[in-house]
Amino acid sequence: MSAVWRASRAAVRRRRVQTFVIGLVVLLSTTTIVVALALLEASSAPFDRAFARQQGPHAIAVYDPAKVTDAQLTGQRTGVAAAAGPFGQVTLDLTEGGGPGPRGPLTVVGRADPGGSVDRLNLWQGRWPTAAGEIVLNQPDPGADPRGFPPDSGEVTLGGKRYTVVGRAHSLSQTADAWVSPEQMTALHPTSVQMLYRFTGDVSTKPAVHADLAAVTAGLPAGALIAAQPYLVVKEKVASDIGVYVPFLATFGMLGLIVAVVIVGNVVSGAVVSSFRHIGILKALGFTPRQVVAVHLVMVSVPALIGCVLGTVAGTLAAQPLLSDGFAGLGLDVGINVGVWIWVAGLVGVPTLVALSAFVPAVRAHRLSAAQAISAGSSPRTGHGTRIQRRLAGVRLSRPVTLGLGLPFARPGRTVFTVVAVLLGVTTVTFATGLADTLTRISTIEDRASGQIGVRPSDGRTRIAPEGQLPPTGPQATTTRTDTEVEQLLRGLPDVARVTSVFRLPVPTIGQTQPLTVNFVRGDYSSMGYQDELTAGRWMTRADETVVPSELMRERGLKIGDKLTLELGGRRTVLTVIGETMDGAPGPPGMFVDWRVLTELAPDRAVKPHEVYYQVQLKRGGDVAAYVAAVKAADPAIDAWDTSQLSDFAVTVIGFSSVLSLLLSTVAALGVFNTVVLNVRERRRDLGMLKSIGMTPRQVVTMVLTSMAVVGAAGGVLGIPLGIVAHRYIVPTAADAARIAIPHSVLEVWQAPTLALMALAGVVIALLGALVPARGAARLTIAEVLHNE
Amino acid sequence: MTTDTCVVRLDKVRKEYGDTTALDGVSLEIRTGEAVAVMGPSGCGKSTMLNMIAGLDRPTSGSVRVHDEELSRLNETKLALFRRHRIGMIFQFFNLLDDLPAIDNVALAAQLTGTKAGPPRKRAMELLDELGIADRRNAYPAALSGGERQRVAVARALMNRPALLLADEPTGALDSRSGEQVMDLLLDLNQIGQTLLIVTHDERLATRCASRVVELADGRITRERSLERA
């Protein structure tokens, strides 16, 4: 066994607390780094990974079979890496079944199997259709958490014909809404054929994809290509869904990385600096400078390596549920896992960081002579903090407090690192608290606007399950009540305050290429709370006015003051956009239009009860559960559920912000713990002397805690503004990424009491970190300390 | 100047550190105004005995009474208060706080009682003046000579007017001239009634300052002798 190894092992044994602290700090820092990197990675590339896994088509091309033959289509290979098709395609009206979503036309494609070289579908339930009358629906896999997912409906009616749903598959590229066997498609007389292409050339932009498409369609008869869609359209949609998470993930990720790096650097370099006396003794014994450096690198590397391995595992375990929750329901069909490179970063990057942190002070020790190194650890200190201590001696506070106030100035470098750690911890806590408050406010506003209770009569086939509950069982039934009778029923039940009826319908609009989704609303919608969601303009007061959700405004390029001409059944009406809201009625974003407009445009239309969604608000103190039960008792064919719950998004973001806040606060507290351990070790002689002249254990604890309370207060005072700035910048950025605007009121979360509590957060972090070593300092055996010195 | 009042009474004090016996049934009495020197080779238990009397360590068995206070019955806080009010300690390596100037090092002992900063600083100034280093009151320990540092330490030990002054090798880290000065100082203190217990290797210090010498070997008192001081 070499002398270096023996000396290192002896040093590790002698410094058990320090070794434990290094191991623990590296463990938690590695955990934070792995979680942070996993979040950053997950926020940047899930679509690409899912797209690659499905071998998604760079372009979906739809051809007219009357103008081009299958042989012509398969013969076109210019710039094509892989192709699938031609598949027969037809558009059929969904009239019944298929879940509670809107009825309307579905694109049905005939395919022999879900695999192939392009658009490999994720058949996550059932089997592929092989016989006539069988169909597979395109739906994302709900994963391990199917709560709230539409219950299976065994049959659907498409184009007036009933089909048995034999499976569910998901195409990230949305190549179809449903699939049938090729034979079935032939029987349906396809009106178009679909080709799916993966290109060899540039596919980074829409024009590039269109150029690739032009190359592959060159030479085909004119008008053969009916429509084409580059994959970037879907990518942009997914990006906007994920985009809302990115600023949060990136912020927490960066905070986590910086805190971890600062703490590891402080702990490891502090450990080496506090060993200068030991270094001097080793040199005096004949160790070469290089051996001395090696001893100290080994001394910190042993606990650091153990911490890295355990931290990488812990980080992976902690990150997985965050990632799964954060990206569930986006239909990416790809495991959002902690990547291999993140494991490498944890297992290699952190030890490298540790080695670098130890290396810098070790090199300084390398240069010192033996005598200098020994005296650096034992001779009287000069300079640092003496003036401040002197001034504090005259301050009218108890002496342990004034001594404690001066302690941080004795080691300014270490104190700065510790303040930075607490500062970032407080910044994280402040940001996370503000974020949680904002999201809760948004949820509260949305809850109020969407009513406390959602009600939808069954269509006789599909039942709606509230989140966390199984769908109703028993014989399916259709309500015998009309739409207005359902509303009357709801208004007649106890505790009801407001009822709004919402009927959603795509309505062609002059000047718009696609129909606009319109929510025709009736009842108490003006007092439901949608006005609280206004981000610009005002609420509707007349039937010829409309308020539009911000997402729809951006998507359609609308602005306040625009005139929209709706057309239905040959009748037209002009509406003025007079307000913009953060969100609309539940479901896809749709403009608010008074029900009278529907009556005006389609006077003969009989709206069925199951087409209407009813929102109910109760009087203050009303019992939601009792109301829901009363609805079900009054008419078992009507589903009612409590909607006043935080959204999945809010729960997810609050969840991961809480986990990371706790993690970063713990790491920051450990940084303080380490600083106090080092300070106490360096001041053992002083502590022994102070106790020998009558300082009580409580006074020792007071002195040590005061020293770190100063650090905590400084971190708190500096961290709070940073947290507020982060909140003010990042929340609107996230909203923007989600293509929505948010009311200013949800950002006004900072009140004086909250800020006072936040200021205390730094002190609490510091005191928690300092308490154990402070009590250890109080228990120091004076005789032993003074004898050793 | 001596009286018959007993300040320190050790009765069959035994102290063990694992398998090592540092003190083996030591009994000793020190009366008010006495100056006792404890001598013996390294590891004989001198410092251990001093630690027992100062309440810095607890005996494995036996009784340690100082000013009729049985120290083994005191908890850590009461021991700290006992040290603060009854004991003054001088160490071989001074043990001054490097961050504080001389005057604040001296005043510290009184400031721990919670009194305002002013009166302790005034008394500290008087002590530094009496010990002849008033002009060095604002100097930090790093700027003081060994002798000056030990004088500051003595002033700090006297700050709360202790009943018993304990000195552990007070001249051990000093050159001969500084050592002489400290010896004179201790002698002067004893002559004005301060009870002294000095642990030392230095025969000259013992014969010059002490009225009684207690010799220890292997944790036991092997010899006691009274001295005639010049």
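Letters go in sequence order (proteins before strands), and every chain restarts at 1.
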Open item on the list: If the threshold is 4.0 Å, N to carboxylate O, is there a salt bridge linking A/Arg683 and B/Asp98?
Closed with: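 No salt bridge links A/Arg683 with B/Asp98.
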Task: Side-chain ion pair, B/Asp104 and A/Arg391, N-O less than 4.0 Å - done: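 Salt bridge flag = no for A/Arg391 with B/Asp104.
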Can you tell me how far the [atom1] atom of [X] sits from the [atom2] atom of [Y], to the nearest 0.5 Å?
X	Y	atom1	atom2	answer
B/Phe91	A/Arg685	CZ	CZ	10.5 Å
A/Asp686	B/Leu96	CG	CG	9.5 Å
B/Met89	A/Ile693	CE	CD1	11.5 Å
A/Leu690	B/Leu97	CG	CG	5.0 Å

Task: Close side-chain approach of B/Arg84 and A/Lys691, heavy atoms under 4.5 Å - done: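 Not in contact.
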Open item on the list: Is the shortest side-chain heavy-atom distance between A/Ile782 and B/Arg83 below 4.5 Å?
Closed with: yes
Identify which part of [X] has an atom lying under 4.5 Å from any heavy atom of chain A, answering side chain, backbone, both or neither.
X	value
B/Leu79	neither
B/Arg86	neither
B/Ala109	both

TODO: Counting only heavy atoms closer than 4.5 Å, note whether A/Ser692 contacts chain B via side chain, backbone, both or neither.
DONE: both
Task: chain B contact via A/Leu403 - side chain, backbone, both or neither, heavy atoms under 4.5 Å - done: side chain
TODO: Tabulate, in ascending numerical order, the residues of residues 694-705 of chain A having at least one heavy atom closer than 4.5 Å to a heavy atom of chain B, or enter 'none'.
DONE: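 Checking residues 694-705 of chain A against chain B gives A/Gly694, A/Met695, A/Thr696, A/Pro697, A/Gln699.
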Task: Pairwise side-chain hydrogen bond (donor to acceptor under 3.5 Å, both in side chains) hits with a residue in residues 765-775 of chain A, at least two apart - done: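 The answer is none; no pair qualifies.
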Task: Pairing residues for B/Ser178 by the side-chain hydrogen bond (donor to acceptor under 3.5 Å, both in side chains) criterion, not counting sequence neighbours - done: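 B/Ser178 satisfies side-chain hydrogen bond (donor to acceptor under 3.5 Å, both in side chains) with B/Asp175 once adjacent residues are dropped.
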- [ ] For chain A, find its close neighbours in residues 65-78 of chain B: heavy-atom separation under 4.5 Å, sorted by number, or none.
- [x]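 Answer by number: B/Glu76, B/Thr77.
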Open item on the list: If you count heavy-atom pairs within less than 4.5 Å of chain A, which of B/Ile103, B/Leu81, B/Ile87, B/Asn138 leads?
Closed with: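 Heavy-atom pair counts peak at B/Asn138.
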Task: Within 6.0 angstrom of A/Phe20 CZ, more than 12 heavy atoms from elsewhere - done: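 No - once you tally the heavy atoms of other residues, nucleotides and ligands closer than 6.0 Å, there are 12 at most.
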